[in-house]
Amino acid sequence: MRITWVTNDNSVPSVVDYGTKESTYTMKSQGESTSYSYLLYSSGKIHHVVIGPLEDNTIYYYRCGGQGPEFQFKTPPSQFPLSLAVVGDLGQTSWTTSTLNHIKQCEHDMLLLPGDLSYADYMQHLWDSFGTLVEPLASNRPWMVTEGNHEKEHIPFFESGFQSYNARWKMPYEESGSRSNLYYSFEVAGAHIIMLGSYTDYDDSSDQYAWLKADLAKVDRKRTPWLIVLLHVPWYNSNWAHQGEGDSMMASMEPLLYAAHVDMVIAGHVHAYERAERVYNSRPDPCGAVHITIGDGGNREGLARRYRNPKPAWSVFREASFGHGELKIVNSTHAHWTWHRNDDEEPVRTDDVWINSLAGSGCIQEGSRDRESRKILMSP
């Protein structure tokens, strides 16, 4: 587990004391620190400390920098069931607060966020306030994120892109063989989860494409029967907002995901909710991925209320309301996806569907079709 925090005092050491009993720290890890300047803003000291090895499904108590308050977090399980909270385009509004309060009420082992975190948009102090806002949840469960357009903050000739995001939200990209914090993968329980970057190169000559191909080729569906991808810009979107923005990435990468039998693709960006049935090449396909857009976390830009009609054949459910999703992977073959509106009490499920893993279907089998799929992933 990587613990990240920010201090205004540069003398604070990058150390984390931790243990399995309250106020009793039997282990210590030392890490690294960084900082950055952006126009007239200078960040505090940003600490990154990796602690472990850790036991699964265990509560750890920890203290940062050798002093200060005690926090606690629970490690995810090493086997099913696994519960994931999913939210996109979060921001810092009263809607955001409502979303976070709903998530706090749901039992989850980890939170996944497919881009657009703080909506700082060049105003760097908003990264600090966002950290304060999410600290109660992000200090208690692992948060795995990828970048959105609001993380760019690129100013030609003055500031490079993703400077703040990369300094503050360091993901395990090196551990997964990636050269960039903008795309990576990890495994939890029996799920292999890939976080792709919509705002870095993705054509077939790019580093991200080569990395994705190699990462998919290494997936062992006996060990990780669930294969899930998150990215920011949706590939299947029947909302008028951001129409067609994901088309070029989809043209490049969808054949790889289809060849690897990806189960789900979860996106943000469009400020509404939509679920597609299994789809490939813009047509319903029982061996394609379930696509979900969940960019309705609470951002300040409001909801995208206009949908295209008639509804495409692949679109099953769509609604412009703020909310979050919950994915409970029950076992190697079955998962339960629910979407919860902020307007309702947390237990109310506005959208509710059982999903079967492709690992337990006829799509993955030792035959000519599967050999052709592997050939796509293994080709140079």
| task | Apply side chain to side chain contact (heavy atoms under 4.5 Å, CB included) to Asp220 and list each qualifying residue two or more places apart in sequence or on a separate chain. | result |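 Asp220 satisfies side chain to side chain contact (heavy atoms under 4.5 Å, CB included) with Lys222, Arg223 only.
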
Treating [X] as the side-chain partner and [Y] as the backbone partner, does any N or O pair qualify as donor plus acceptor under 3.5 Å?
{"X": "Glu274", "Y": "Ser238", "answer": "yes"}
{"X": "Thr200", "Y": "Gly197", "answer": "no"}
{"X": "His154", "Y": "Lys152", "answer": "no"}
{"X": "Thr58", "Y": "Leu54", "answer": "no"}
{"X": "Thr333", "Y": "Asn356", "answer": "no"}
{"X": "Thr96", "Y": "Leu90", "answer": "yes"}
{"X": "Ser357", "Y": "Trp226", "answer": "no"}
{"X": "Asn140", "Y": "Gln72", "answer": "yes"}
{"X": "Arg63", "Y": "Tyr18", "answer": "no"}
{"X": "Thr93", "Y": "Gly298", "answer": "yes"}

Side-chain heavy-atom pair [X], [Y] within 4.5 angstrom cut-off:
{"X": "Met110", "Y": "Met144", "answer": "yes"}
{"X": "Val86", "Y": "His324", "answer": "no"}
{"X": "Phe80", "Y": "Val330", "answer": "no"}

Say you draw a straight line from [atom1] of [X] to [atom2] of [Y]; how long is it, rounded to the nearest 0.5 Å?
{"X": "Arg341", "Y": "Asp351", "atom1": "CZ", "atom2": "CG", "answer": "10.5 Å"}
{"X": "Ser185", "Y": "Trp211", "atom1": "OG", "atom2": "CH2", "answer": "4.5 Å"}
{"X": "Ser164", "Y": "Gln124", "atom1": "OG", "atom2": "CD", "answer": "3.5 Å"}
{"X": "Met123", "Y": "Ser129", "atom1": "CE", "atom2": "OG", "answer": "9.5 Å"}

| Stepwise salt bridge (Lys or Arg N to Asp or Glu O under 4.0 Å) test for Asp128 and Arg168 | CA-CA 10 Å; Asp128 296 312; Arg168 294 171 182 269; 3.1 Å; yes

Would you say that more than 12 heavy atoms from the other residues, nucleotides or ligands in this model lie under 6.0 Å from the [atom1] of [X], or not?
{"X": "Lys328", "atom1": "NZ", "value": "no"}
{"X": "Gln79", "atom1": "CD", "value": "no"}
{"X": "Glu55", "atom1": "CD", "value": "no"}
{"X": "Arg179", "atom1": "CZ", "value": "no"}
{"X": "Lys104", "atom1": "NZ", "value": "no"}

Using the rule that two of Ile, Leu, Val, Met, Phe, Trp, Tyr join whenever any of their side-chain heavy atoms come within less than 4.5 Å, decide whether [X] and [Y] are in one cluster.
{"X": "Leu257", "Y": "Leu112", "result": "yes"}
{"X": "Val188", "Y": "Met195", "result": "yes"}
{"X": "Leu377", "Y": "Val262", "result": "yes"}
{"X": "Trp5", "Y": "Leu137", "result": "no"}
{"X": "Val145", "Y": "Ile228", "result": "yes"}

Pair [X] + [Y]: basic N to acidic O under 4.0 Å:
{"X": "Arg278", "Y": "Asp285", "result": "no"}
{"X": "Asp109", "Y": "Lys74", "result": "yes"}
{"X": "Glu32", "Y": "Arg2", "result": "no"}

So, do [X] and [Y] have ring centers that fall under 6.0 Å from each other?
{"X": "Tyr202", "Y": "Tyr209", "value": "no"}
{"X": "His340", "Y": "His102", "value": "no"}
{"X": "Tyr307", "Y": "Trp240", "value": "no"}
{"X": "Tyr61", "Y": "Phe71", "value": "no"}

| query | How close do Gln163 and Tyr36 get, heavy atom to heavy atom, and via which atoms? | reply |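 Scanning both residues, the minimum pair turns out to be NE2-CB, 3.8 Å.
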
| said: Give me the atom names and distance for the closest heavy-atom approach of Ile51 to Ser29. | reply: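 Closest approach of Ile51 to Ser29: CA-OG, 3.7 Å.
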
| query | Who pairs with Asp203 by salt bridge (charged side-chain N to carboxylate O under 4.0 Å, His left out), at least two apart in sequence or on another chain? | reply |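 Checked Asp203 against salt bridge (charged side-chain N to carboxylate O under 4.0 Å, His left out); zero matches.
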
| request: Using the six-membered ring wherever Trp is involved, compare the ring planes of Trp95 and Phe322 and label them parallel, tilted or perpendicular (cut-offs 30° and 60°). | output: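 Aromatic pair Trp95/Phe322 classed parallel.
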
| task | Could you tell me how the ring of Tyr273 sits relative to the ring of Trp337: parallel (under 30°), tilted (30 to 60°) or perpendicular (over 60°)? | result |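 Ring orientation, 0 to 90° scale: parallel.
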
| request: Kindly determine whether Phe73 and Tyr62 satisfy ring pair (Phe, Tyr, Trp, His ring centres under 6.0 Å), including the steps that lead there. | output: CA-CA 8 Å; Phe73 70 84; Tyr62 66 101; 5.4 Å; yes

| Is the cationic atom of Arg349 (NZ for Lys, CZ for Arg) positioned less than 6.0 Å from the six-membered ring centroid of Trp339 and within 45 degrees of its normal? |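 Here Arg349 fails the 6.0 Å and 45° test against Trp339.
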
